[in-house]
2 protein chains.
Amino acid sequence: MARTTDGDGTPVPQRLLAAATRLFAERGYDRTSVQEIVEAAGVTKGALYHYFGSKDDLLHEVYARVLRVQQERLDAFANADEPIEKRLRGAAADVVVTTIENLDDAMIFFRSMHHLSPEKNKQVRAERRRYHERFRALIEEGQESGVFSKATPADLVVDYHFGSVHHLSTWYRPDGPMGPQEVADHLADLLLRALRP
Amino acid sequence: MARTTDGDGTPVPQRLLAAATRLFAERGYDRTSVQEIVEAAGVTKGALYHYFGSKDDLLHEVYARVLRVQQERLDAFANADEPIEKRLRGAAADVVVTTIENLDDAMIFFRSMHHLSPEKNKQVRAERRRYHERFRALIEEGQESGVFSKATPADLVVDYHFGSVHHLSTWYRPDGPMGPQEVADHLADLLLRALRP
DNA sequence: CTGGACAGACTAACCGGTCGGTATGTATCA
DNA sequence: TGATACATACCGACCGGTTAGTCTGTCCAG
């Protein structure tokens, strides 16, 4: 039997990543010791430093995973064969749902970026910008075609919406009165209503 | 001459608070050592622990200051003798301006809450709720009188707006193309437009 | 001479990361 | 088939460095 799956069926690197994600979201990056991560994953430090170069690397992996997923989902909605209104609404609501379904990731994303090393921070920022720009392009397209109001610069509208997404990890509770889809519909509504000409 | 004002005219406790605010915003709470704070303030650890019980206390003071100022300003706008639309717009825009003018505070506020001790965290949350509820009351008032749409629960609208305020510290740059008032007007516009019946 | 306002040396606890070592799996060849 | 050789996966003691907080002492105002 391969050592990689001792204990349960999940490979060690993924177990470490999962444990780190949970702990980083729970206590923050600096308050989580490498020792705690490896204990939660049921291995020792040797294993962690066998698969990851540093604690920082672990955090970076979390970011990479989130960014990849979000960008893929946005592209799918943005490139669909639908009227612009529907595409924007779909993308805006979807990012809310996936954020709620991965609140830990969101928490880490917005709270721990400054813990990344400068190069990795730069890399993450660059990918974030790609995401931001794809979203902005959607809004601009609607503005050009007269479906959305031009009163507010598209850039600002993007930040307005992502502010609310960002904020979710602060106030949303899974045991609260609203489900993910419900919140998503409301937030997408607010965005679309704000954009009415 | 009192030792409290050695060096410049500012009393030591305020110098410590100012230094801590800047450093916490710059590097984060955990990455800022007590030694760095006292050096930036031109004193030693003896002085810090003479005035503050702990590093945590220092952070708490930053929160208390921000909360007090924001609550006062909100109350002023909310209780003014104006139509509800104007009062909400005024409050919504004002919080944006003051947030931009104290970006360090905002950065710390949303990034470092989880570093507070449980009791202090609870205390801060309670005050935050008061603020949130005053703002929500404004929106509900407008909804009741038919000036604002009832399509979205008032609670969610509040979180929507404060999401964008929260987000400011992430993207706003003082040397960017927009001034504080300009951004504030746009964001208040978006809120009011989203609330149109 | 008393007490507040500090200075600064000190401590005990961690923490990230390293490193030598071991166990297991796999490829090669006689 | 069985032995040899090497690679991969991991263990856990250990190290250098840092940190929040303490404690004793000094100095000056009133």
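On a predicted model such as this, the values are computed, not experimentally measured, just so you know. We name chains A, B, ... by the order of the sequence lines, and we start the count at 1 in each one.
- Scored by the ring-ring contact (aromatic ring centres under 6.0 Å, His included) test, A:His186 finds no partners at all (sequence neighbours excluded).
- For DNA chain D, the neighbouring residues in residues 52-60 of chain B, judged by any heavy atom under 4.0 Å, are B:Ser54, B:Lys55.
- Scanning for salt bridge (Lys or Arg N to Asp or Glu O under 4.0 Å) contacts around B:Arg111 gives an empty result, with sequence neighbours left out.
- Contact between the side-chain N/O atoms of B:His50 and the OP1/OP2 oxygens of C:dA5 is found at a separation under 4.0 Å.
- Within residues 107-119 of chain A, no residue has any heavy atom closer than 4.0 Å to DNA chain C.
- Between B:Glu36 atom CD and D:dA20 atom C1' the separation is 13 Å, expressed in whole Å.
- Residues from residues 21-33 of chain B placing a heavy atom under 4.0 Å of any atom in DNA chain C do not occur.
- Pairs passing the side-chain hydrogen bond (donor to acceptor under 3.5 Å, both in side chains) check and including a residue from residues 99-109 of chain A, sequence neighbours excluded, read A:Arg65-A:Asp105.
- If you measure from atom CD1 of B:Ile37 to atom C1' of C:dC6, you get 17 Å, rounded to the nearest angstrom.
- Note: B:Tyr29 and B:His115 have parallel aromatic rings, judged against thresholds of 30 and 60 degrees for the angle between ring planes.
- The ring-ring contact (aromatic ring centres under 6.0 Å, His included) check on A:Phe109 picks up A:Tyr63, with sequence neighbours excluded.
- Listed candidates were D:dC10, D:dG21, C:dC6. Nearest to the side chain of B:Tyr51 is C:dC6.
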With a cut-off of 3.5 Å and sequence neighbours excluded, list every side-chain donor-acceptor pair involving residues 146-165 of chain A.
from     : atom 1 : to       : atom 2 : distance (Å)
A:Ser149 : OG     : A:Ala151 : N      : 2.9
A:Thr152 : OG1    : B:Arg193 : NH2    : 3.3
A:Asp155 : OD1    : A:His132 : NE2    : 3.0
A:Asp155 : OD2    : A:Arg136 : NH1    : 3.3
A:His161 : NE2    : A:Ala92  : O      : 3.4
A:Ser164 : OG     : A:His161 : O      : 2.7

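- Closest to the B:Lys45 side chain, of the nucleotides D:dC10, D:dG21, D:dC11, is D:dG21.
- The salt bridge (Lys or Arg N to Asp or Glu O under 4.0 Å) test applied to B:Arg31 returns A:Asp30, not counting sequence neighbours.
- When rounded to the nearest whole Å, the span between CG of B:Leu48 and P of C:dG8 equals 15 Å.
- Rounded to whole Å, the distance from CD on B:Glu39 to P on C:dG8 is 11 Å.
- Residues passing the salt bridge (Lys or Arg N to Asp or Glu O under 4.0 Å) test with B:Glu182, sequence neighbours excluded: none.
- Taking every side-chain heavy atom of A:Thr44 into account, D:dG12 is the closest of C:dC6, D:dG12, C:dG16.
- By the side chain to side chain donor-acceptor pair (under 3.5 Å) test, A:Thr170 is found to be paired with no residue, residues two or more places apart in sequence or in another chain being considered.
- Nearest to the side chain of A:Tyr49, among C:dG16, D:dA9, C:dA7, sits C:dG16.
- With respect to A:Glu36 and A:Arg27, a salt bridge is recorded, a charged nitrogen being found less than 4.0 Å from a carboxylate O.
- Among the nucleotides C:dC6, D:dC10, D:dA20, the one closest to the side chain of B:Ala47 is C:dC6.
- Mapping B:Gly42 and A:Gly46 onto DNA chain C by nearest heavy atom places B:Gly42 at the nucleotide closer to the 5' end.
- Evaluation of the side-chain contact (heavy atoms from CB on, under 4.5 Å) rule for B:Lys120 yields B:Ser54, B:Asp56, B:Asp57, B:His60, B:Leu116, B:Ser117 as partners, not counting sequence neighbours.
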